[in-house]
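The first residue of the sequence shown is numbered 1, and numbering continues consecutively from there.
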Amino acid sequence: MQRFYDFIRRHPTGVDILWAVLLLGFSGVSIVADQAGAGPERVAGVPIAVGLSVVVALRRRAPERMLLLAILMGLAQLLFGVRPGAADFAMLVITYTVATVGERWASRLALGCSLAAAGISRLRWPDETPTGGWAQSLGYVVIMTVPFVLAWVLGDSIRTRRAYFSQLEERAARLEREREAQSKVAVAAERARIARELHDVVAHNVSVMVVQADGAAYVMDSSPDQARQALETISGTGRQALAEMRRLLGVLRTGDAEESGEYVPQPDVQQIEELVGKVRETGLAVDFRVEGTPRPLPSGVELTAYRIVQEALTNTRKHGGPDAGASVRLVYFDDGLGLLVEDDGRGSPHELYEDGGADGAGQGMIGMRERVGMVGGTLDAGPRQGGGFRISALLPLKPANQ
């Protein structure tokens, strides 16, 4: 039985042809039995039966044309007086077919013909219908019309259902494409964030290592203990940089997405004091102050604040000179966090910070502006009066578009 159903699904036209042959056979028997003595009707009944059988055979391939052929055969029946027979079952079949898969005009035409067919047949062959009065005649017409109307209603409901499922499939496919696009955008944004994190990590730690290495080389002969301490700082800073880089690059490794939360470090405002302490160990004097009431902030704001301070102090060590000092000030407002990082060193031309240089300082400033822009804040950076450099930022608790 399953093979039979599979054959029907794979070869629907072949099944229709089989039904058409059977219908033609029944029609031939009907013509011989009912019109044996009627010459013109019998002669015309054969091509009409063949035509209606063709309607059944090709209804799936050309439903609109087969509907027109069925109407033509019906008109020929009326013209030549060929009484309704087994072949007229094709009209019921084509009504259902065009209501299911045909054009809208064909479906409406089939419905109109279905509603009129029984009444026209009653007028053409009144002797085959009840003669007990107009009520019985009307009942006969209604009874003969109901199968055609039901066939049309069934076909139209199937059409509506298919259209509904088609819309659901299209919507699901569209949502899937949108999810894929959003995933790609999220991946690109995450990779850009990781690139900024890598820059901050490398620039900060390598700067510390270079400063300590220079100091160690300077005091190697005169003060071996200080040189040893500088080398230990270089070693610890290098290990820390490698650990952070491994955590960041771990996100990019295929198959580690489920553990990505463990790889990405998320420094916060509380760690700024620890950062300042490490910078002081390198020999840079840093004054750190907090104003206002400290409180938890959005993670994006805290990470941005930490990276701004880190980048600013890194630039001070690079360009401030040997006697430079710096100050870091955090101010908690009701609606945001303020940052002010200044140094009194000899500094570097403003263009170096803005346009970039061989050491990547410009990329650091670009990263700062990108980070501040993502949280809806403002950044002001440039030389300060009396020498040195000044970076101030205002980070709101909510982006400006909310």
Side-chain angles (χ1 to χ4, degrees), residues 1-36 38 40-118 120-121 144-163 165-166:
M1 184 63 69
Q2 184 62 38
R3 292 182 179 179
F4 176 71
Y5 289 145
D6 293 341
F7 175 81
I8 292 176
R9 285 195 296 268
R10 290 195 300 268
H11 307 284
T13 303
V15 175
D16 289 339
I17 293 175
L18 177 61
W19 283 113
V21 171
L22 294 176
L23 183 62
L24 183 61
F26 283 117
S27 300
V29 174
S30 177
I31 292 173
V32 173
D34 297 340
Q35 300 181 357
E41 293 82 355
R42 183 179 184 183
V43 173
V46 174
I48 290 175
V50 172
L52 292 175
S53 299
V54 171
V55 169
V56 174
L58 302 179
R59 67 186 183 92
R60 298 179 193 267
R61 290 184 174 272
E64 294 83 5
R65 295 181 181 179
M66 293 303 102
L67 174 64
L68 297 178
L69 179 60
I71 294 174
L72 180 62
M73 294 298 100
L75 294 176
Q77 280 186 270
L78 297 174
L79 179 62
F80 292 102
V82 178
R83 296 176 180 274
D88 291 297
F89 180 76
M91 297 182 179
L92 187 67
V93 173
I94 194 61
T95 299
Y96 165 80
T97 301
V98 294
T100 305
V101 297
E103 299 290 341
R104 277 298 182 184
W105 66 265
S107 177
R108 296 188 181 97
L109 179 60
L111 178 60
C113 293
S114 299
L115 295 174
I120 295 175
S121 177
M144 296 301 296
T145 303
V146 167
F148 288 91
V149 174
L150 290 178
W152 185 89
V153 170
L154 177 61
D156 190 70
S157 64
I158 292 177
R159 174 202 291 271
T160 303
R161 184 180 180 184
R162 288 176 178 175
F165 283 125
S166 177

Asks: With a 3.5 Å distance limit and no angle check, can you tell me whether Glu103 reaches the backbone of Glu64 through a side-chain donor-acceptor pair?
Replies: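 Looks like no, no N/O pair under 3.5 Å.
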
Asks: First locate atom CG of Leu72, then atom CG of Leu79, and finally report the distance between them rounded to the nearest 0.5 Å.
Replies: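 So the gap between those two atoms works out to 10.5 Å.
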
Asks: To check you understand the geometry: which heavy-atom pair defines the closest contact between Ala70 and Leu52, and what is its length?
Replies: CA-CD2, 4.2 Å

Asks: Looking only at non-hydrogen atoms, find the nearest pair between Ile48 and Val82 and report the distance.
Replies: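 Heavy atoms of Ile48 and Val82 come nearest at CD1-CG2, 3.8 Å.
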
Asks: Show the numbers, then the answer: is there a side-chain contact (heavy atoms from CB on, under 4.5 Å) between Leu68 and Leu109?
Replies: CA-CA 9 Å; Leu68 297 178; Leu109 179 60; 4.2 Å; yes

Asks: Say you draw a straight line from OG of Ser107 to OH of Tyr96; how long is it, rounded to the nearest 0.5 Å?
Replies: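 These two atoms lie 12.5 Å from each other.
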
Asks: Measure across Val56 and Ala90 and return the closest heavy-atom pair with its distance rounded to 0.1 Å.
Replies: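 Scanning both residues completely, I find the closest heavy atoms to be CG2-CB, 3.5 Å.
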
Asks: Met66 pairs by side-chain contact (heavy atoms from CB on, under 4.5 Å) with which of Val55, Val93, Ile71?
Replies: Val55

Asks: Atom CD1 in Ile120, atom CG in Leu75: separation rounded to 0.5 Å?
Replies: 8.0 Å

Asks: Does the side chain of Thr100 reach to within under 4.5 Å of the side chain of Arg162, using non-hydrogen atoms?
Replies: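 Counting from C-beta outward, Thr100 and Arg162 do come under 4.5 Å.
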
Asks: Ignoring hydrogens, what is the shortest heavy-atom contact between Ser121 and Pro84? Give both atom names and the distance.
Replies: OG-CG, 4.0 Å

Asks: Between the main-chain N or O of Ile94 and the side-chain N or O of Arg59, is there a donor-acceptor pair closer than 3.5 Å?
Replies: no

Asks: Taking Val153's backbone N and O only, do any of them form a donor-acceptor pair with Asp156's side chain (distance below 3.5 Å, no angle check)?
Replies: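 Not at all, since once roles are kept as given, no pair shorter than 3.5 Å links the two residues.
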
Asks: Can you name the nearest heavy-atom pair linking Phe89 to Leu23, along with the distance?
Replies: CB-CD1, 4.2 Å

Asks: Within the structure provided, determine whether Met73 and Leu69 are in side-chain contact (heavy-atom separation under 4.5 Å).
Replies: yes

Asks: So, taking the atom named CG in Leu92 and the one named OG1 in Thr97, what distance separates them when rounded to the nearest 0.5 Å?
Replies: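 Answer for the CG-OG1 pair, Leu92 versus Thr97, is 9.5 Å.
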
Asks: Enter the distance from Met91:CE to Leu67:CG here, rounded to the nearest 0.5 Å.
Replies: 10.0 Å

Asks: About how many Å separate CG of Leu22 and CD1 of Ile17, when rounded to the nearest 0.5 Å?
Replies: 12.0 Å

